[in-house]
Amino acid sequence: MRWSRLKKTIESRFAESLGGRVEVRSTKYRYGHENIGRGILVVDGEEVANFCTFRFYNELADTAEVLEEAGAKPRAAFREAEERLRRDGVLTQEQFYGRLEDFLRMPFDDALASSDVLTQALALLDGRLGKRRLRRMAEEPPEQPLHRRLFELRCGAEGVRIRAAEAPLVEDAG
């Protein structure tokens with residue numbers, strides 16, 4: 001799917017309450033090797049997630065090197081490094097495009113329960129996530145930083161209160 005159509009389709013799925021506050025962007029580095037670039041998730045004009053191909057490969061090499069120094073064989077180190085980056089939501093631009101397309105094809109409940117950081121983030125912004133479910137989720141908000149930020153944005157836009165974390169009891173010394 002062409003980027004312009006993919007962008008329009010993804011953004012059309014965002015909740016109306018967000019009113020154009022969230023945007024997906026993509027850029028290519030003209031002089032970069034093979035015209036690579038990055039995918040970006042923007043909230044209120046601020047970049048909140050960056051899916052840069054350069055960053056991915058740099059972190060992949062660094063993580064694999066650490067694993068090899070710890071005794072892992074090179075192929076196993078790279079496989080483990082790729083898995084760690086996937087869990088942390090570090091993606092290439094092409095993986096970003098793929099996740100956007102996958103999101104459009106998957107059932108909403110599967111997207112919301114996904115272990116993929118970007119897929120679940122998109123589900124939190126999706127208009128099919130209603131106030132009732134948001135209220136249930138507000139009892140135990142997401143812990144992943146990007147998910148937490150988007151969840152708070154969505155709850156604020158929908159007028160759903162998030163249960164405040166209970167403060168630890170402190171005994172008065174006086």
Side-chain angles (χ1 to χ4, degrees), residues 1 3 6-27 37-60 62-63 79-168:
M1 185 181 304
W3 169 248
L6 180 59
K7 174 183 172 58
K8 184 177 179 180
T9 306
I10 288 289
E11 290 178 356
S12 72
R13 295 260 180 112
F14 295 160
E16 287 183 27
S17 62
L18 296 174
R21 296 176 61 191
V22 182
E23 183 180 3
V24 289
R25 295 181 185 167
S26 178
T27 187
R38 63 192 181 121
I40 310 160
L41 188 58
V42 177
V43 174
D44 295 330
E46 181 185 343
E47 190 175 296
V48 296
N50 174 4
F51 305 99
C52 179
T53 303
F54 287 129
R55 177 179 165 222
F56 175 84
Y57 286 113
N58 286 338
E59 288 193 29
L60 178 65
D62 292 346
T63 304
R79 280 195 301 270
E80 175 63 25
E82 283 181 321
E83 179 58 28
R84 287 183 183 187
L85 293 179
R86 186 198 65 74
R87 278 194 315 262
D88 293 342
V90 180
L91 305 171
T92 66
Q93 183 182 36
E94 288 303 315
Q95 291 169 333
F96 170 74
Y97 294 152
R99 297 303 194 292
L100 294 178
E101 289 178 357
D102 291 346
F103 175 75
L104 294 175
R105 289 189 294 265
M106 73 175 39
F108 176 72
D109 288 332
D110 292 351
L112 193 58
S114 175
S115 63
D116 180 67
V117 172
L118 179 58
T119 303
Q120 192 175 30
L122 293 170
L124 291 170
L125 300 169
D126 196 297
R128 294 174 288 178
L129 177 60
K131 284 185 181 182
R132 192 174 311 153
R133 187 179 265 179
L134 271 175
R135 284 188 191 102
R136 283 194 311 260
M137 292 173 67
E139 294 298 316
E140 287 188 40
E143 293 180 18
Q144 203 278 344
L146 175 62
H147 296 163
R148 178 72 181 209
R149 180 159 186 188
L150 297 176
F151 181 74
E152 289 172 356
L153 170 77
R154 184 66 190 279
C155 286
E158 298 287 351
V160 174
R161 291 181 50 141
I162 300 172
R163 190 183 100 197
E166 294 179 26

How many angstroms lie between [atom1] in [X] and [atom2] in [Y], if you round to the nearest 0.5 Å?
{"X": "Met1", "Y": "Thr9", "atom1": "CE", "atom2": "OG1", "answer": "5.0 Å"}
{"X": "Thr63", "Y": "Leu85", "atom1": "OG1", "atom2": "CG", "answer": "5.0 Å"}
{"X": "Leu122", "Y": "Leu112", "atom1": "CG", "atom2": "CG", "answer": "11.5 Å"}
{"X": "Ser12", "Y": "Ile10", "atom1": "OG", "atom2": "CD1", "answer": "8.0 Å"}
{"X": "Phe56", "Y": "Arg86", "atom1": "CZ", "atom2": "CZ", "answer": "11.0 Å"}
{"X": "Asp116", "Y": "Phe103", "atom1": "CG", "atom2": "CZ", "answer": "11.0 Å"}

Pairwise side-chain contact, [X] with [Y], heavy-atom cut-off 4.5 Å (strictly under):
{"X": "Leu6", "Y": "Leu104", "value": "yes"}
{"X": "Ser115", "Y": "Arg87", "value": "no"}
{"X": "Val22", "Y": "Val48", "value": "no"}

Item to complete: May I ask you to say whether Arg99 pairs ionically with Asp102, meaning some side-chain N is under 4.0 Å from a carboxylate O?
Response: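 Salt bridge absent between Arg99 and Asp102.
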Practice prompt. Could you tell me whether Glu152 and Arg148 have a side-chain N and a carboxylate O separated by less than 4.0 Å?
Written response: yes
Minimum heavy-atom separation for [X] and [Y], please, with both atom names.
{"X": "Leu124", "Y": "Met137", "value": "CD2-CE, 3.6 Å"}
{"X": "Gln144", "Y": "Asp88", "value": "NE2-O, 4.4 Å"}
{"X": "Glu158", "Y": "Ser17", "value": "OE2-OG, 2.7 Å"}
{"X": "Val117", "Y": "His147", "value": "O-NE2, 2.8 Å"}
{"X": "Gly89", "Y": "Phe51", "value": "O-CE2, 3.3 Å"}
{"X": "Leu146", "Y": "Ala49", "value": "CD2-CB, 4.0 Å"}

Worksheet entry | Phe108, CZ: over 12 other non-hydrogen atoms inside 6.0 angstrom | yes
Looking at [Y], is its backbone amide N or carbonyl O close enough to the side chain of [X] to form a donor-acceptor pair, meaning the two atoms are under 3.5 Å apart?
{"X": "Arg154", "Y": "Asp126", "result": "yes"}
{"X": "Arg38", "Y": "Arg55", "result": "no"}
{"X": "Thr53", "Y": "Thr92", "result": "no"}
{"X": "Glu47", "Y": "Val42", "result": "no"}
{"X": "Glu23", "Y": "Ile40", "result": "no"}

Discussion item. Before you tell me yes or no, could you show the steps for Leu129 and Phe151 under side chain to side chain contact (heavy atoms under 4.5 Å, CB included), namely the whole-Å CA-CA distance, both residues' side-chain angles and the distance that decides it to 0.1 Å?
Written reply: CA-CA 11 Å; Leu129 177 60; Phe151 181 74; 5.7 Å; no
Practice prompt. Apply side chain to side chain contact (heavy atoms under 4.5 Å, CB included) to Val24 and Trp3, showing your working.
Written response: CA-CA 10 Å; Val24 289; Trp3 169 248; 4.0 Å; yes
Practice prompt. With sequence neighbours excluded, tell me which residues meet side chain to side chain donor-acceptor pair (under 3.5 Å) with Asp109.
Written response: Arg133
Item to complete: Please list all pairs passing the salt bridge (Lys or Arg N to Asp or Glu O under 4.0 Å) test where one or both residues lie in residues 8-20, with sequence neighbours left out.
Response: Lys7-Glu11
Just jot down the salt bridge (Lys or Arg N to Asp or Glu O under 4.0 Å) partners of [X], sequence neighbours excluded, or say none.
{"X": "Glu46", "answer": "Arg149"}
{"X": "Glu80", "answer": "Arg84"}
{"X": "Arg135", "answer": "none"}

Practice prompt. List in chain and number order the residues that pass ring-ring contact (aromatic ring centres under 6.0 Å, His included) with Phe14, two or more places apart in sequence or in another chain; answer none if no residue qualifies.
Written response: none
Practice prompt. State, without any angle test, whether Glu101 and Tyr97 hold a side-chain donor-acceptor pair at a distance under 3.5 Å.
Written response: no
